[in-house]
Amino acid sequence: MSDDSTWGRAYAHGPAEPASDDDSTWGKAHAPGPAEPASDDDSTWGKVYARGPLLLGVRHHGPGSARAVRAALEAARPEVVLIEGPPEADPLIPLAADPEMWPPVALLAHAVDEPGRSAFWPLAEFSPEWVAIRWALEQGVPARFVDLPATHTLAWDTESDAPRGTDAGGDTAAGTGDQDEPGAEEGAGPGEEAGPERDLRVDPLAVLAETAGHDDPERWWEDVVEHRGSGLGDPFAPFTALEEAMTALRERYGAAGRPSDLVREAHMRLKVRAARKEFGDAVAVVCGAWHVPALRERTTVTADRALLKGLPKVRTDLTWVPWTHRRLARASGYGAGIDSPGWYGHLFRARDRPVERWLTKVAGLLREEDRIVSSAHVIEAVRLAETLAAMRGRPLPGLSETTEAVRAVMCDGSDVPLALVHDRLVVGDVLGEVPQAAPAVPLQRDLAREQRRLRLRPEALERELELDLRGGTDAGRSRLLHRLRLLGVDWGEPARSRGSTGTFRETWTLRWEPELSVRVAEAGVWGTTVLAAATARAEAEATAARTLADVTTLAEHCLLAGLPDALPVVMRVLADRAALDTDVGHLAQALPALVRSLRYGDVRGTDTGALAGVAAGLAERIFVGLPPACAALDTDAAEEMRGHVDAVHGAVGLLAETPTGTPGTGHADLRARWRSVLRTLALRDTVPGVVRGRAVRLLLDDGELGPGEAARLMGLVLSPGTPPADAAAWIEGFVGGGGGMLLVHDDRLLTLVDSWLTGVPAEAFTDVLPLLRRTFSAYEPAVRRTLGELVRRGPGGPAVPASRAVGIPGFAAEPDAERADAVLPVLRLLLGPDPEEAAEHGRTQRTAEAVGLVGVGG
């Protein structure tokens, strides 16, 4: 293996200049590069392809490797370029030349009969494979993929054991450990069991770095490859040195715990043989450097075919899909394991002064965030980064040096703005684009049409979208997002609106993730358009729903998504389930969603007559069944029932305000019947205390129960004859959930609670204390503080004016004129002087008064 100095010499140069064109000879097309001028001499040609095909071992997604690949291809001028990737994607290669195609993108392969079984091959602008594809298209040279077909890769996912002990994933890019090959979403490759054998895998990059005397494999790789200078030299030297190192590693470690590589490499060798038979010796192969020794190995065709015999298959479709830098930065799932794709992209684009350009970009971002960053900051940061690199013996400041310089110079030592730099620049939110000509399932095409029609562009950067449902475009956007959620395509997540809380406004958080393309492909089984697919999915879910609440929630989704054809099916299932379900708890869970649907339907102009009738019927059954259902409940069941009572109370209030279309269920009738139920619950001794207390509280809030009556009922419950635990449960139901202000403003109720609490026996106090703490801990700190002050004052506290004898200051029965007069100067300052006063005293006097008031206020 080459020593460290050999590696340094091999990687000391940068990309070579392209060979000059010579239209006369074979040697022109395959010039060895600037090291020797192009000629038609067979010996010169032999120097390039003396050992067979030109094998360009790379690190996937490495900018240095990408530049080196382009320089080598310019020098060698092969007749065909073979690239590591699924051969079924060969017809998709020409799309890479489409002006509408922008990386990062990915090849997506999915099983035809099971779209969720999929694999990705991500490519960025700094990926050597992408550079090779673009070079071949620019030069009119055929480009082909030679890795194991996706039909086998995806089939291995379905097999309990991979054939011949192999797996289908886990390729490392030149030993980098980048999991950028298709595989299972959680790290184990298709057909591969996550077990001890994975721990035996060798990281070739770590071995090479350790051999060279470095303890950080990533930093070592950046120093010898990614940060190479731009000087002239032999464009093939980096690949020769890397092949030598990988050959030594393969001799030492064999497959290094990756038995599937043997199968993949056998397929690659067969493809290389076929290309040489068709195009001659002028064949270039771009692949992970780990595979180069195996492709150079001399094996028989029979032996390679034997490894591929009997592999499982599954029908697959392939296409291009947009990718993101953020996904490239994820080591598991669909990511590629790159920590800093934004930094790598910058290194690839910045051919000169990469550090200066990077820090200028950082300064621009911080200025956009209103941080004071000047040109002097940039100059000083560049000096610091270069000084750190020199102290550490690095040829060029890397990401660690520039990050430390940014923290010290531009961020004043704070990691808060540094996190923004990492998120926006080091990783980035770049989203690739795919041309419309790319193959896609019909549902994907319909979704793209809807996105263009509604001007709702997919973006990788998370953003909030405010919708006014009274407008046609916004209403259409809402329906599309709700339909996609029904299909499992969570492009948008509903968020709490910061403005109006009315039903005509919606707030969404949008973020397009690459795997949503898989979700769209999966949803394609339901229909060819978003509307048809969402309708079919809703009908199927209605039939398969297990509970009544599931069906009512589905009805709400149908109204939100605008699915008029699915609603009759859902309503039929809802009516059947409601008629058969006798559990009051289930009915109480179902009613709120159904009533919310009525409100949404009203905003969207949907006919909700059938929903109103079912909702009124559910309410009637709840009214009848609730009192018996509240008898003989344990503590947990009683607490759950209290939640049902709250939910039904809110639903009845909304339902009573909505025309039901059912005779005898008008506004006043529903409210009156529900209040009668609450009175029954409040007075029935068999009902748990937490439910009785809640019923009294709801009646008090609605004005159906006077404060005096509420105090009488509380006094009965808190009498000495009531067990302390039951009394505490009643208090929990009565004052829980925002009841703190009620005690603050009603001194009689507070006195009752205080008197009862002080009279609880010591042996019972420890039993009721947890419940009371849970009740009062839900109050705001200011409310608890006020209650503490009132209790501390107590009935025998210091005398106070009659106007403040009850309640807290500012809330007495009579106004306090002295305290009211004290705020008049401030109000005059804020609101301006009275017009009559202004006319009387004049402008000068008003100004003096205002100045005087400001002085007093200050």
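Every value quoted in this text rests on a predicted model; they were computed, and no experiment measured them.
Looking only at distances, no side-chain donor or acceptor of Arg505 sits under 3.5 Å from a matching main-chain atom of Glu466. Side chain of Ser340 to main chain of Trp343: no donor-acceptor pair is present (N/O by atom type, distance under 3.5 Å, no hydrogens or angles). At distances below 3.5 Å, not a single donor-acceptor pair connects side-chain atoms of Arg449 with backbone N or O atoms of Gln444. His267 places a side-chain N or O within donor-acceptor distance of the main-chain N or O of Val146, the cut-off being under 3.5 Å. Under a 3.5 Å cut-off, the side chain of Glu88 and the backbone N or O of Ala150 do form a donor-acceptor pair. Under the 3.5 Å distance criterion, the side-chain polar atoms of Arg134 are matched with a main-chain donor or acceptor of Ala96.
The closest side-chain heavy-atom distance from Glu100 to Val434 is not below 4.5 Å. Contact check for Leu123 versus Pro103: no side-chain heavy atoms found under the 4.5 Å cut-off. The shortest distance between side-chain heavy atoms of Pro149 and Pro87 falls below 4.5 Å. Looking at Ile93 and Leu137, their side chains come closer than 4.5 Å, going by heavy atoms from C-beta outward. Taking the side chain as every heavy atom from C-beta outward, Leu510 and Glu462 never approach each other to under 4.5 Å. With contacts defined as side-chain heavy-atom distances shorter than 4.5 Å, the pair Leu107/Phe145 qualifies. Val81 has its side chain out of reach of Ile133: every pair of non-hydrogen atoms, C-beta onward, lies at least 4.5 Å apart.
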>> With side-chain contact (heavy atoms from CB on, under 4.5 Å) as the criterion, how do Val645 and Leu626 come out once you've worked through the C-alpha distance, each side chain's angles and the decisive distance to 0.1 Å?
In response: CA-CA 9 Å; Val645 170; Leu626 188 58; 4.2 Å; yes
> Taking it one step at a time, do Asp474 and Leu465 satisfy side-chain contact (heavy atoms from CB on, under 4.5 Å)?
Replying inline: CA-CA 10 Å; Asp474 279 359; Leu465 179 67; 6.0 Å; no
>> Between Arg452 and Gln436, does the side-chain contact (heavy atoms from CB on, under 4.5 Å) criterion hold? Intermediate values first, please.
In response: CA-CA 12 Å; Arg452 291 193 297 270; Gln436 299 181 22; 3.9 Å; yes
> Going through the distances and angles, do Leu431 and His325 end up as a side-chain contact (heavy atoms from CB on, under 4.5 Å)?
Replying inline: CA-CA 7 Å; Leu431 175 65; His325 274 182; over 6 Å; no
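To the nearest 0.5 Å, the span separating CG on Asp339 from NE2 on His422 amounts to 7.0 Å. Considering CG of Asp468 and OG1 of Thr473, their distance stands at 11.0 Å, rounded to 0.5 Å. Put simply, SG on Cys558 and CZ on Arg537 are 12.0 Å apart, with the number rounded to the nearest 0.5 Å. Separation of atoms SG (Cys287) and CD1 (Ile83) is listed at 11.0 Å; rounding is to 0.5 Å. Separation of atoms CG (Leu486) and CZ (Arg479) is listed at 15.0 Å; rounding is to 0.5 Å. To the nearest 0.5 Å, the span separating CZ on Arg477 from CD on Gln451 amounts to 11.5 Å.
The two residues Trp130 and Ala124 make their nearest non-hydrogen contact at CB-O, 3.4 Å. In terms of heavy atoms, Leu554 sits closest to Ala538 at CD2-O, 3.3 Å. For Arg445 against Ala438, the heavy-atom pair with the smallest separation is NH2-O, 3.0 Å. Contact detail for Ala588 and Val648: the closest heavy-atom pair is CB-CG2, 3.7 Å. Pro128 approaches Ala66 most closely through the heavy-atom pair CG-N, 3.8 Å. When every heavy atom of Val286 is checked against every heavy atom of Ala132, the shortest pair comes out as CG2-CB, 3.9 Å.
Residues forming a side chain to side chain donor-acceptor pair (under 3.5 Å) with Glu125 (at least two apart in sequence, or on another chain): Arg349. Residues forming a ring-ring contact (aromatic ring centres under 6.0 Å, His included) with Phe348 (at least two apart in sequence, or on another chain): none. Every ring-ring contact (aromatic ring centres under 6.0 Å, His included) that Trp508 has, sequence neighbours left out, goes to His482. Not counting sequence neighbours, the partners of Glu138 by the side chain to side chain donor-acceptor pair (under 3.5 Å) test are Arg70. By the side chain to side chain donor-acceptor pair (under 3.5 Å) test, Glu450 pairs with Arg453, sequence neighbours left out. Partners of Glu433 by salt bridge (charged side-chain N to carboxylate O under 4.0 Å, His left out), not counting sequence neighbours, listed by chain and number: Arg457. For Asp98, there are no side chain to side chain donor-acceptor pair (under 3.5 Å) partners two or more places apart in sequence or in a different chain.
Applying the side chain to side chain donor-acceptor pair (under 3.5 Å) definition to pairs two or more places apart or across chains, those involving residues 483-493 are Arg485-Glu493. For residues 559-570, no pair satisfies salt bridge (charged side-chain N to carboxylate O under 4.0 Å, His left out), with sequence neighbours left out. Applying the ring-ring contact (aromatic ring centres under 6.0 Å, His included) definition to pairs two or more places apart or across chains, none involves residues 82-102.
Side chain to side chain, Ser478 and Glu506 meet the donor-acceptor criterion of an N or O pair below 3.5 Å.
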Side-chain donor-acceptor pairs under 3.5 Å in residues 310-320, sequence neighbours left out?
residue, atom, partner, partner atom, Å
Arg315, NH2, Asp113, OD1, 3.2
Thr319, OG1, Pro439, O, 2.3
Trp320, NE1, Leu92, O, 2.8

Compile the donor-acceptor pairs under 3.5 Å between side chains in residues 525-536 and protein atoms, sequence neighbours left out, one pair per line.
residue, atom, partner, partner atom, Å
Thr529, OG1, Ala532, N, 3.1
Thr535, OG1, Leu531, O, 2.8

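Ring geometry, Phe120 versus Trp323: the interplanar angle falls from 30° to 60°, so the pair is classed tilted.
With respect to the salt-bridge test (charged N to carboxylate O, under 4.0 angstrom), the residues Glu84 and Arg264 qualify. Using a 4.0 Å cut-off between charged side-chain N and carboxylate O, Arg511 and Glu459 make no salt bridge. For the pair Asp147 and Lys271, the salt-bridge criterion is not met [side-chain N within less than 4.0 Å of a carboxylate O].
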